[in-house]
Structure formats: C-alpha cells, structure tokens
Amino acid sequence: MIDPKLLSRDFDEVVQKLHKKRVSIELLTQLKSAYLNHKNLKNELESAQAFQNEKSRQFQNVPKNEIDDLKKELAVNKIRIAELNANVRETETKLEKLLHSIPNIPADDIPDGKDENDNLLLETVLIPREFDFEPKAHFELGEQNGWLDFERGAKLAKSRFTLIRGFGAKLERALINFMLDHNRACGFEEVSVPIITNSKSLFGTGQLPKFEEDLFKIEDEDLYLIPTSEVTLTNIFNDEIINSEELPIKLTAVTPCFRKEAGSGGRDIRGIIRQHQFYKVELVSITKQENSDEILEKMVECASSMLTKLGLPHRKMLLCSGDMGFSARKTVDIEVWLPSQNKYREISSVSNTGDFQARRANIRYRDGKNNRFVHTLNGSSLAVGRTLVAIMENFQTSNGNITIPEILNKYL
RNA sequence: GGACAGAUGGGUGAGAUGGCUUAAACCAAUUCCCUGCUAAGGAAUCGUAUCUGGUUAACAGGUACCGAGGGUUCGAAUCCCUCUCUGUCCGCCA
C-alpha cells in the first residue's frame, strides 16, 4: 500500500512514477479525490463528536431542570453523528478499495519498460557448457531415469502435479538441506512456518485482494494454502513494533508452495517447471529503511553463490517497471541456463518491497522516538523443482545419466 | 468436539456500584545528573493512529482505539449480544 498522504503532497510525482507501472492517471485522480473527500467528511464527524463529548461532560454539574433540554439537544446531534458516520464509512471503503489496488511505486533506478524484453542484464555467471549431442529436456531425462512420474501425479491430483521418485526424490531432499545450510551460513535463521494462512496475512504481503484467483482456498474457512512462504515469514511480525536493535531480521524457510497458475494457459505444460505444488526455499529480511537496498544485494548474492556452488550457469536481471510484481519497488531475477530450451529461465526472484507490505501488515520499528515502517524483502533462495530441472539438464551425459554436483555429495 | 476461565499500553498488572481513567502501580526503554570506569543512586520523559494550528520542528488542541463487531446510554475499558483467540480440564488423535 502506498502512502495516501503522498497523493495530496506530491501528486504529480506519484503519477509520473506509477505511470512506469502502467497505472492510469484517471485512477490516481480518483484516488486523490476519494482521499480528500474522506478527510473532509471525517473532520466534520469529529467536530460533531467533540460537541457530543463536551456536552456530555456537563451532565454532572448541570441543574436538574436543564437536563431535559440538554438531552434533547444531544439527541439531535446524535442522529447527525450516525449519519456522518455512515458516510465516512462509505467513503472509507471506497478509498481503501482504490488504495489496495495500486501497486508499489518503483525505485528511481528501475528501467522503464513493458515486459521481460526490457529487463536489464546485470551479470552473467559461469559459461553454459557445449554439448556434443542433442541435450534432452528434463522431463525426458526424468522419465528415463525413473525420477519423474507425471501420469501418476495427475492421477493422484490433477495435471501439474508430479510424483518424484527414487533418486530424484532423494536429490530434491538433498538440495533442500544444502540450500538451508547455505542460507544459514549467509546469516539467515531457519524457521518452520504454517503452510496454511489466513486472509489477513495474505493481504499483508499483497496477494489479496487482487490475486485471489491464483490461490487454493480451504472450503468454508478463512484459510488458504500459501503460494510462497514469503507470506508467513513476513507476517510473523504483523501488527508489531520491533526494537531497532533486532534489525535486520533475516529468515529462511522451506515449504511447499501452492499456486493455481490461473491464466498461465498452456505454458510450460510439460515437465515440472510450472507446477501447482512445489518446494521453495525462501529468504525474507525485515530491515530499517536505510539499509534495505544493501540487503537486497546480499540476498541476490546469497542465491547466486548457491547456483555457483552447484556449478549452474546463470545471470542476474534487473526487472523493468512493467515486469515487476505488484508489491515490489525493485526486483532482481536470477535466471538459470536450460540447455533443452536454449535459454535462461527464472529460478529465483529477489524483491525489495520497501514499506509497501509493512504498511499493509502494519510492521514498524522504533527509531529513537518515532515509529517507522520497516522495509521488507523477500527472495526465493531457489525454487527447488527448477533447480532439479537445471541439474538434470546441465549435467546430463549422452546416454541420459546425470552427474551430481560434488557439493551435494555429503547430502546424499 | 464438551465444560469452565480469560483477553487492558513494549512487558507484568489495577481498574465492584457506567462520567475528571488513555487508563494506576511496577518493570523495561529514552534523556539528563552524580561517579575516574563499571555497578549503584537521583531527576525527567514515555501507548497508537489520524486531523487542525505551528516553519514539514518543539509543542498545543480535536477524534478514534482497553481482542473484533454490534447494542443500551446524554456518557461505556466498565452493562448486554455475537464472533475470534488464548488458557485449563475431559474426550479424540499424528
């Protein structure tokens, strides 16, 4: 949630910055007038309440014969308060609805652009190997080695659910342990969180109300399967005021993630690149406002160095304004090389949301005398399934075997 | 799932009989004093949000908030209703 005060203070600047994120001026103008309208009505309500309070206080020392007159007067004012109150609520919900649909304002150094083609290459790490045979796709290798069973996954649930078996399952578990150890070495505390969460938490991190269609909801309950542990990790602190000595708080967790993938149509239908359920090791940082950018760099480095340890070629991309997510003010994607597709594919995404989520989830810290909103950052340390894909494809041999990165030996 | 109890500020915890209680007291915290340093001691400040005035400061004032939402009343932390959560006991269970 952006700061509504910015609208009355620096309207033109907000318009200009959010234009980069494809938010229309009309919407922002609407929002501004809703804000001012609500403010005026609220002022009116408050003076009526002040009147009521002041007169009520007189009751104890007013002569008995004047009490009836006073009561009459206040009865009238009470009706006015009720009316104003109804109006204020109406304008408030209208304002909130608008406010909640506005994405975060991008940071100043974000390239303006429409989609992934306008992203900025920051760095390439490791050179993709040359194959002297036609590299196979992970789903072929997976079936050949008995690691991936798509038909039975679909039988058990539906398409986009996959059974991982035998050494594949063991490798997945090894990867998880490797990643968590790596993150711990980067200074992140390991947490085990619920993988079901309520609407308040999902609102806090920005998944609700706008992206409900991508969530699996528990029937008849105010509960959802988490789409990422970012939701539960970040909301650990909602409605809290954190002592500034405790910052930055750096957390890591592994959880299954659940996504409906509504609107992704037939994309990546084969294989395990895009699943309804997948394991992801996540990083979340809660920081003071002044060091979130620096922590973003560190988180990107933490994820990137993990891929380097695994020997996987990858690159870092600074996302352009049009390709960034709803809550982000700055995002760096890490893309891993997939030989079968002959291109880089997203395996990690690290975002600084600034105070956008903190404002929604009401997470603050005490900075001397003042309470300020924290900055929250989140990043996939790596999507486990996609890492599995990358290992299979990059380290396949001509007969379809897969060489396992040495660093994983002690986890197998 | 059944029975009972509870929910107050950063923490602990007072607030029969509704009004001067946004809320005592204690702890923590911040600032200052004292001390060569540490410890101890003393003084002051100290809920959140929002609006108005003031130089976007200090500060002053208004409003709302004592789990959430309704109700009664001129007036509710205090009375009534609904919900949520927590604790304890019983039942069930990995």
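Note that these values count all heavy atoms, side chains included, but never hydrogens, waters or copies made by symmetry. A note on names: the letters A, B, ... follow the listed sequences, proteins ahead of strands, and every chain is numbered from 1. This one's a predicted model, so the numbers in the text were calculated from it and none came from an experiment.
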Donor-acceptor contacts, no H, no angles, side chain residues 25-35 of chain A, under 3.5 Å, sequence neighbours left out:
unit_1	atom_1	unit_2	atom_2	d
A:Thr29	OG1	A:Ile25	O	2.7
A:Ser33	OG	A:Gln30	O	3.1

OP1, OP2 of [N] versus side-chain N and O of [X]: anything below 4.0 Å?
{"X": "A:Lys71", "N": "B:U73", "result": "no"}
{"X": "A:Asn198", "N": "B:U84", "result": "no"}
{"X": "A:Asn53", "N": "B:U63", "result": "yes"}

Pairing partner (Watson-Crick or G-U wobble, both distances under 3.5 angstrom) of [N]:
{"N": "B:U73", "result": "none"}
{"N": "B:U63", "result": "B:A49"}
{"N": "B:A5", "result": "B:U86"}
{"N": "B:C26", "result": "B:G11"}
{"N": "B:U17", "result": "none"}
{"N": "B:C92", "result": "none"}
{"N": "B:G54", "result": "none"}
{"N": "B:A43", "result": "B:U31"}

Please state the [atom1] separation for the pair [N] and [M] - nearest whole angstrom.
{"N": "B:C26", "M": "B:U45", "atom1": "P", "answer": "14 Å"}
{"N": "B:A7", "M": "B:U12", "atom1": "P", "answer": "12 Å"}
{"N": "B:U72", "M": "B:C65", "atom1": "P", "answer": "16 Å"}
{"N": "B:G1", "M": "B:C80", "atom1": "P", "answer": "26 Å"}
{"N": "B:C33", "M": "B:U86", "atom1": "C1'", "answer": "45 Å"}
{"N": "B:G15", "M": "B:A24", "atom1": "C1'", "answer": "8 Å"}
{"N": "B:G13", "M": "B:G6", "atom1": "P", "answer": "14 Å"}
{"N": "B:U22", "M": "B:G9", "atom1": "C1'", "answer": "9 Å"}

For [X] and [N], what is the distance between atoms [atom1] and [atom2] respectively, to the nearest whole Å?
{"X": "A:Lys72", "N": "B:C74", "atom1": "NZ", "atom2": "P", "result": "13 Å"}
{"X": "A:Ile81", "N": "B:C74", "atom1": "CD1", "atom2": "C1'", "result": "11 Å"}
{"X": "A:Leu84", "N": "B:A64", "atom1": "CG", "atom2": "P", "result": "13 Å"}
{"X": "A:Gln49", "N": "B:C74", "atom1": "CD", "atom2": "C1'", "result": "15 Å"}
{"X": "A:Arg89", "N": "B:G69", "atom1": "CZ", "atom2": "P", "result": "9 Å"}
{"X": "A:Asn238", "N": "B:U48", "atom1": "CG", "atom2": "C1'", "result": "16 Å"}
{"X": "A:Arg57", "N": "B:G75", "atom1": "CZ", "atom2": "C1'", "result": "10 Å"}
{"X": "A:Glu54", "N": "B:G61", "atom1": "CD", "atom2": "P", "result": "14 Å"}

Problem - Test applied, side chain to side chain contact (heavy atoms under 4.5 Å, CB included); reference residue, A:Tyr224; option that passes from A:Ile196, A:Asn198, A:Leu215 - result: A:Leu215
Handout entry: Passing option when A:Thr234 is tested against A:Thr228, A:Val374, A:Val284 for side chain to side chain contact (heavy atoms under 4.5 Å, CB included)
Key = A:Val284
Exercise for the section: Using salt bridge (Lys or Arg N to Asp or Glu O under 4.0 Å) as the criterion, list what pairs up with A:Lys200, not counting sequence neighbours. Expected result: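 Partners of A:Lys200 under the salt bridge (Lys or Arg N to Asp or Glu O under 4.0 Å) test: A:Asp239.
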Problem - Salt bridge flag under 4.0 Å for residues A:Glu189 and A:Lys250 - result: no
Exercise for the section: Scan A:Asn77 against the nucleic acid and name what it touches under 4.0 Å (heavy atoms): base, sugar-phosphate only, or nothing. Expected result: nothing
Practice task
Just call it for A:Gln52: base, sugar-phosphate, or nothing, with non-hydrogen atoms closer than 4.0 Å on any strand.
Solution key: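 Sugar-phosphate, no base atom in range.
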Acceptor/donor pairs from residues 404-412 of chain A side chains to any protein atom, 3.5 angstrom cut, sequence neighbours excluded:
unit_1	atom_1	unit_2	atom_2	d
A:Asn409	ND2	A:Glu406	O	3.4
A:Tyr411	OH	A:Asp181	OD2	2.7

Practice task
Name the residue closer to the 5' end of RNA chain B, choosing between A:Phe51 and A:Lys55 according to the nucleotide with the nearest heavy atom.
Solution key: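 Comparing both residues, the 5'-ward one is A:Phe51.
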Completion exercise
5' to 3', nucleotides 49-56 of chain B under a 4.0 Å protein heavy-atom cut-off (B base, S sugar-phosphate only, - none) gives SSSS----
Practice task
List for me each residue that meets side chain to side chain contact (heavy atoms under 4.5 Å, CB included) alongside A:Ser47, sequence neighbours excluded, and say none if there are none.
Solution key: none
Problem - Partner set under ring-ring contact (aromatic ring centres under 6.0 Å, His included) for A:Phe11, not counting sequence neighbours - result: none
Problem - Parallel, tilted or perpendicular: rings of A:Phe161 and A:Phe216 (30°, 60°) - result: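 Geometry flag for A:Phe161 against A:Phe216: tilted rings.
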